[in-house]
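Since the structure comes first, as structure tokens, the remarks are kept for the end.
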Number of protein chains: 2
Amino acid sequence: MGISERREREKAEREQRIVGAARMLAEQDGWASVTIRRLAQEIEYSQPVLYAHFENRDAIVGAVALEGFGELAPTLRKSALKGATSRQALEDVATAYLEFAFERPAVYEAMFILPSGLRFAKSDTPHVLRETFGAMMAVVEPLCTDVEIATEAFWATLHGLAELERHGRIRSSHRKERMRHIVDMFAGRHLR
Amino acid sequence: MGISERREREKAEREQRIVGAARMLAEQDGWASVTIRRLAQEIEYSQPVLYAHFENRDAIVGAVALEGFGELAPTLRKSALKGATSRQALEDVATAYLEFAFERPAVYEAMFILPSGLRFAKSDTPHVLRETFGAMMAVVEPLCTDVEIATEAFWATLHGLAELERHGRIRSSHRKERMRHIVDMFAGRHLR
DNA sequence: GTTGACAATCTAGCGCTGGTAGATTTATTT
DNA sequence: AAATAAATCTACCAGCGCTAGATTGTCAAC
């Protein structure tokens with residue numbers, strides 16, 4: 001019967017509206033202003049309805065984070081293709097990563113800082129998470145011996161840059177210079 | 001008159017008790033459990049008393065953060081002295097930084113992640129903050145041309161390592177290898 | 001010693017939060 | 001049409017940061 005199917009479709013739509021509203025509010029006024037009540041108001045349902053979709057507030061953050069990974073992974077993949085040299089590919093991916101972090105700070109926060117219930121580097125890690133790591137690994141791979149170690153280091157550096165700059169700890173005015181310095185190091189300017 | 005002096009002394013003591021309690025609670029059960037009510041209970045006063053010491057909750061986080069900088073800066077300075085080579089000094093400082101982050105996660109959080117009202121890289125930046133940056137700069141300096149850029153990059157990398165590992169994004173089991181990889185890069189193994 | 005001023009401190013409250021129990025409405029099946 | 005099941009809401013809980021206004025305690029002047 002098509003009735004239950006329609007119901008499921010409607011429920012999925014509503015869920016998407018919740019995630020969308022959370023993302024919009026977070027991007028607009030920060031995650032602190034994303035409350036269950038506010039979201040309920042936004043989708044025009046009462047608060048308890050939200051708990052039929054998500055176990056708790058963290059799970060909503062997690063849903064936004066997952067959306068974010070779904071966008072970041074292909075973005076990085078594409079950036080990796082343009083560059084002629086492997087050094088250029090590395091720089092392009094790094095730049096794309098930081099651009100993502102600065103343009104969608106709230107989503108980035110959900111992905112990497114806030115408690116979201118997402119599990120990394122575990123057996124049940126969602127595909128998009130692995131895919132994001134894989135995209136970074138792909139550009140690091142031709143430049144080193146231990147790929148995983150190097151990728152973790154590369155990622156950590158990018159994350160640190162994004163976070164310290166977002167919090168005003170380092171000078172936004174020197175983003176480019178820092179990037180060159182770092183890419184030079186990772187690309188192993190010394191080896192070629 | 002000694003009375004008002006005694007009062008000031010008592011007030012300063014009480015303030016220290018607040019900061020100490022905040023730090024302890026945060027280290028024990030996380031910052032979320034550090035509430036004004038809980039702190040008031042801890043120092044055996046009513047809630048409003050806390051507002052005679054701190055403007056708001058963030059200011060308490062800031063006080064803990066400042067304490068943290070007061071400890072991190074000399075720790076890094078000392079680490080910088082032991083090593084025979086400049087590469088060793090860099091590694092020692094990096095190791096000390098990460099050790100600090102992992103052993104006092106709550107203090108580290110207050111210093112670099114939570115809103116704390118502290119202002120970095122500004123004219124009214126407290127001395128201990130500048131001193132912390134200076135300690136890192138000192139070990140980076142002999143290894144590069146643009147010191148400030150290199151120090152920001154070094155710091156960002158350490159911060160990224162600390163954060164990603166603390167959140168289970170990268171494997172704690174490979175901390176040492178990552179460290180070697182990174183120190184090698186920053187020390188410019190290629191140049192000597 | 002008593003009184004009045006002032007500071008220190010507390011009680012009680014506001015509007016908000018995440019989360020839930022139980023009533024009520026709506027839809028489906030018999 | 002009546003009974004059952006699902007969807008949804010109202011109303012609440014305990015706790016939060018923060019504050020207004022009452023209350024207590026301290027000290028100086030008379």
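Worth knowing before you read on, the calculation uses all heavy atoms, side chains too, and leaves out hydrogens, waters and symmetry mates. To find a chain, count down the sequence lines: A is the first, B the second, and so on, and within it residues start at 1.
Applying the ring pair (Phe, Tyr, Trp, His ring centres under 6.0 Å) test to A:Phe69 and every residue at least two apart in sequence or in another chain returns A:Phe112, A:Phe120. For B:Gln47, the side-chain contact (heavy atoms from CB on, under 4.5 Å) partners at least two apart in sequence or on another chain are B:Ile36, B:Arg37, B:Ala40. The salt bridge (charged side-chain N to carboxylate O under 4.0 Å, His left out) test applied to B:Arg104 returns B:Glu71, not counting sequence neighbours. For the side-chain contact (heavy atoms from CB on, under 4.5 Å) test, residues two or more places apart in sequence or in another chain that qualify with B:Ala59 are B:Phe54, B:Asn56. Annotation: ring pair (Phe, Tyr, Trp, His ring centres under 6.0 Å) contacts of B:Phe154 (sequence neighbours excluded): B:Phe186. For the side-chain contact (heavy atoms from CB on, under 4.5 Å) test, residues two or more places apart in sequence or in another chain that qualify with A:Ser116 are A:Val61, A:Leu118.
Sequence neighbours left out, the pairs with a member in residues 137-148 of chain B that pass side chain to side chain donor-acceptor pair (under 3.5 Å) are A:Arg171-B:Glu148.
Taking hydrophobic clusters as Ile, Leu, Val, Met, Phe, Trp and Tyr residues chained together by side-chain heavy-atom distances below 4.5 Å, B:Leu50 shares a cluster with B:Val64. Tracing side-chain contacts under 4.5 Å through hydrophobic residues (I, L, V, M, F, W, Y), one reaches A:Phe102 starting from A:Leu114; they form part of the same cluster. Placement of A:Leu76 and A:Leu81 in two distinct hydrophobic clusters is found when ILVMFWY residues are connected by side-chain heavy-atom separations under 4.5 Å, directly or transitively.
Less than 4.0 Å separates DNA chain C from at least one heavy atom of each of the following residues of residues 37-48 of chain A: A:Arg37, A:Pro48. Sorted by residue number, the members of residues 53-63 of chain B with any non-hydrogen atom under 4.0 Å from DNA chain D read B:Asn56, B:Arg57. Contact check of residues 18-35 of chain A against DNA chain D (heavy atom, cut-off under 4.0 Å) returns no residues at all.
For the pair A:Ile36 CD1 and D:dA14 C1', the computed distance is 17 Å after rounding to whole Å. For the pair A:Lys11 NZ and D:dA7 P, the computed distance is 7 Å after rounding to whole Å. Regarding A:Tyr51, its OH atom lies at a distance of 9 Å from the C1' atom of C:dT20, rounded to whole Å.
Each end of the helix from C:dG1-D:dC30 to C:dT30-D:dA1 gets its own axis, taken as the rotation carrying the C1' atoms of four end pairs onto the next four within a five-pair window, and the two axes meet at 30° to the nearest 10 degrees.
Taking the side chain as every heavy atom from C-beta outward, A:Glu42 and A:Leu25 approach each other to under 4.5 Å. Using a 4.5 Å cut-off on side-chain heavy atoms (C-beta onward), B:Arg175 and B:Glu165 make contact.
Counting heavy atoms of neighbouring residues, nucleotides and ligands inside a 6.0 Å radius, atom CD of A:Gln16 exceeds 12 of them. Counting non-hydrogen atoms of neighbouring residues, nucleotides and ligands closer than 6.0 angstrom, the CD atom of B:Glu44 reaches no more than 12 such neighbours.
Between A:Tyr97 and A:Tyr108, the ring center distance clears the sub-6.0 Å criterion.
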Within the sub-3.5 Å range, which N or O atoms of nucleotides 5-8 of chain C have a protein N or O partner, and how far apart are they?
none

